[in-house]
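Working notes, beginning with the structure itself.
Letters A, B, ... mirror the listed sequences (proteins, then strands); counts begin at 1. Remember, predicted model here, so these are calculated numbers, not experimental data.
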Amino acid sequence: MAKITLDRLRHSYMPNPQGAEDWALKEMTQELEDGGAYALLGPSGCGKTTLLNLISGLLRPTVGRILFDDADVTGATPEQRNIAQVFQFPVIYDTMTVYDNLAFPLRNRGVPAAEIDKRVREVGAMLDLGHMLKKRASGLTADGKQKISLGRGLVRSDVNVIMFDEPLTVIDPHLKWVLRSKLKELHHRIRRTMIYVTHDQTEALTFADQVVVMNNGEVVQVGTPVDLFERPAHTFVGHFIGSPGMNVLPCSLDGGRVDFMGQPVETLGTVQASSGNGKLELGVRPEFTRFDSIGIPVEIVKAADVGRFRIVETRHREHRIRLLVPEGQPMPSGHAYVRFDPKHTHVYRDGWLVN
Amino acid sequence: MYKQLNQKAWFLVAPVVALVAFNAIIPLMTVVNFSVQETFGDNVFFWAGVDWFEQVLHSSRFHDALLRQILFTAIILLIEVPLGLIVALAMPRKGPWVSVCLVTMALPLLIPWNVVGAMWNIFALPEIGLMGKGLRSLGFDFNYTRQPLTAWFTVVLMDVWHWTSLVVLLCYAGLVSIPNDYYQAAKIDGASAWSVFRYIQLPKLKRVLTIAILLRFMDSFMIYTEVVVLTGGGPGNSTTFLSIDLVKMALGQFDLGPAAAMSLIYFLIILLLSWLFYTVMTRNEAR
Ligand SMILES: Nc1ncnc2c1ncn2[C@@H]1O[C@H](COP(=O)(O)OP(=O)(O)O)[C@@H](O)[C@H]1O
Ligand SMILES: [Mg+2]
C-alpha cells in the first residue's frame, strides 16, 4: 500500500520532443492518496493509457519522477513496483486452464500452493468463474476472457495499486454494470488504491471518489463527481461531463458585472476583471437554467423527452441555450425568457474558470 | 425462400475443372496407366496388374531410398524448425535493422535451386572449395565426393542454409502479430522470459509452425535438384533420395512400369504423412 506521487511528470513517444504537440503527456504533478478510488476520464487519445503505463512502469517517463510513498520508483520495473494492471483487451494464456490463468501471477511470485488455491477460488467466485475453473481458458467467450484478465489483476492481495485500463470495453452492458458494482464493493472491502481508466463519464462518476479529467495530455480537473458537476474548472469539463453538457456562451465584463449580448447576467459575487485579456465565456449547466417571466429572450427550437426530464433547446440569436425541465412542469412555447441560477453561473477566461 | 438448383453454375467452374484436369488429373491417370501395364515401346502394352507395385514394395533399393529419405527429412526438420524459431525470436521487432534482417533472410530463398547446388558443390570441394579446403586444413578428413558421412553433412548443411529462412520468416510474421498487450500483461504478472515463450509465444505460433513444418516436410521429402547438382546421389547411392531414385529408374533405365508404380507409392506416402502431421498438430483445436 502506498501513496503515489507524480512529480513534474512528462512523457513523449518521440526521441526529441519539440513543440507541445509532441508530448503525449504534458507536465503533471499529482498526488494519489493511499486507498483512494480514482477514475481517469477523458476522450480517446488524451493520454490515459500513457499515464497508466508510466505509473505501472511499463513506460519510463521522459521527464519527472514517480514516488511510491517516499521511495523513488521512476526506474523500477512493474515487478518491483508490485502493482496490478488490467488491459483494455482480454489477455489470457491460451494453453492454460482458467484456474492456472488466475494462479499465474501468484505462482510467478512463489506464493505457497495453499494460499494460491484460496485466492484463486475467492476471485473465481467473485467473478462468477467458479464453475469453469477447470476449463481451458481459450474456450471462453470474450466476456469470460476479460473476466479472467480482471481476475489476474485482483488475485494478488499485497499490491500497491490496481489499475484498470478501460477494462469493460468488450463486455456487454448488463454484465458491465454488475462487474463495476463488484469492483466498487471490492474497493470498499479491501481499501487498495484503484485507478480506473475510462472515456465513459457514467463509469467514472459511479466508480470513483476522485475523478481526474484529462484532455490533450493534460489534467484539466481533479475532483469529486459533485465538484465536476457544480464547478467545472474548464469549459471542457463542462462539455464532457453531464448530458447534455454545459451551456457555454460568450460574455463580457463590465466593472465586475457579467454581460451576455447586452443582457446583464447575475453571478455570485463580483468577477475580478483584472488580469489581461483573453476570450471570456460564461458557463451554466442546463440543470441550472430555467424559464421565467423576465430574463434573456429566447426562441424555443425543440424539446426531447428523456424520462424524468425534458431537454429543451432554445436560441438567443445564434447562441444555443439548453434547459433541463422536470417532467410535469409547464413549458412555454414560441418566445420565452430564460434565467440562470447565479450560484451556478461561472465565468471562464480562455477556457479556465475565473470566479 | 427455397433454394433453387442452378445448373448454370457448372459453366462457371468449367474452366477451373479443365485446368485442373490438364495439369493434374490427366498426367496422374497416364502414370496410373503405366503402373499397371508392361511395354517394350512401339505403343504395345500388356496388362501387368499389381506386379510393379509388388516389385517396388519388395525391392531393397526402394526400402533403402525410403529410409534415407525419412532420415534426411527428420534431420533437417529437427534442425531447421528450432533454429528458425530461435533466429526469429532473436530478430529485432522494430527499427532500421528489421528490413536488413528480412532481406538477408529472404536471400537464400531467391536463389534458383540448381544454383544452390552448384554453389555448395564448389564451396565444399575438398581441393579448392572454401569450406572443403578450410575443413581439411583444420585437420578434418573431409571429402564429400568419397565419404558418405561427409556427403550427408554437406547435403544437410546446404538444406539448412537454403531453407531455414523460410521457417524464420514464417515465425517472424507470427511473432510480430502478437499484440503488445500480451507482453505487457506478462510483465505485470511477473512472468519470466521462459514463461513468455512457453505460454504466449509458442501457443500463438502454433499455426505458423504447423504450416512451416508441413511445407518443410513436403519440400524436403521431394528434394531433387540441389542434391543432384551437389552429389549426384553419391558417393555410391548414399545420398540417393526417393525422387533421385525415381528419376534414375524412369529416365536412366527407362523402366516405366516400376517407375510409375513407385511414383504412386511415393505420392501416397507424402499424402499420408502430411495428413498425419496435420491431424496431430491441430488435434487440440477441435476440442
Ligand atoms: N506506443 C506509442 N507510440 C507512439 N505514440 C503513441 C503510442 N501510444 C500512444 N501514443 C500516442 O499518445 C497519445 C496518447 O495515447 P493513449 O495514452 O493511448 O491515449 P488514451 O489511452 O487516452 O486513448 C495518442 O496521441 C497516441 O497516438
Ligand atoms: Mg487507452
Side-chain angles (χ1 to χ4, degrees), chain A residues 13 15 49 52-53 55-59 76-97 100-111 135-139 145-146 148-153 155-156 159-167 169-170, chain B residues 81-82 85-86 88-89 92-100 170-213 277-287:
Chain A
Y13 288 100
T49 300
L52 219 55
N53 289 349
I55 297 175
S56 68
L58 290 170
L59 284 176
T77 62
E79 171 101 56
Q80 292 161 337
R81 294 186 196 195
N82 197 18
I83 45 90
Q85 187 173 359
V86 178
F87 298 88
Q88 183 168 6
F89 295 102
V91 172
I92 56 152
Y93 304 105
D94 289 331
T95 51
M96 295 187 197
T97 60
D100 291 338
N101 259 280
L102 295 178
F104 192 61
L106 298 174
R107 287 191 180 140
N108 288 330
R109 289 172 174 81
V111 176
K135 274 203 186 143
R136 235 179 197 247
S138 58
K145 287 179 180 173
Q146 187 62 350
I148 296 178
S149 279
L150 216 51
R152 279 207 320 277
V155 77
R156 285 155 59 204
V159 290
N160 282 319
V161 51
I162 310 177
M163 297 186 279
F164 307 93
D165 191 352
E166 312 202 19
T169 311
V170 296
Chain B
V81 174
L85 190 56
I86 290 169
L89 284 169
R93 303 285 154 74
K94 53 177 185 249
W97 286 103
V98 171
S99 36
V100 176
L170 283 170
C171 287
Y172 186 74
L175 279 174
V176 294
S177 73
I178 300 176
N180 202 26
D181 285 9
Y182 280 82
Y183 296 110
Q184 295 190 328
K187 266 193 213 150
I188 300 287
D189 289 341
S192 61
W194 166 252
S195 292
V196 170
F197 174 71
R198 170 70 185 75
Y199 297 116
I200 296 175
Q201 292 171 326
L202 205 55
K204 296 275 171 217
L205 285 181
K206 209 173 134 204
R207 277 159 193 278
V208 286
L209 276 176
T210 305
I211 293 170
I213 291 173
F277 266 114
Y278 188 78
T279 341
V280 169
M281 284 186 292
T282 54
R283 74 185 188 285
N284 284 331
E285 273 162 43
R287 263 200 259 132

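Of all residues spanning residues 172-183 of chain B, those with a heavy atom less than 4.5 Å away from chain A's heavy atoms are Asp181(B), Tyr182(B), arranged by number. For residues 186-198 of chain B, the interface with chain A (any heavy-atom pair closer than 4.5 Å) comprises Ala186(B), Lys187(B), Ile188(B), Asp189(B), Gly190(B), Ala191(B), Ser195(B), Arg198(B), sorted by residue number.
Within the structure, salt bridge (charged side-chain N to carboxylate O under 4.0 Å, His left out) contacts touching residues 79-96 of chain A (residues at least two apart or in different chains) are Glu79(A)-Arg109(A), Asp94(A)-Lys204(B).
Contacts between Asp165(A) and chain B at a heavy-atom distance below 4.5 Å are absent for every atom of the residue. Heavy-atom distances place the side chain of Phe87(A), and not its backbone, under 4.5 Å from chain B.
Qualifying side-chain hydrogen bond (donor to acceptor under 3.5 Å, both in side chains) partners for Thr95(A), counting only residues two or more places apart in sequence or in other chains: none.
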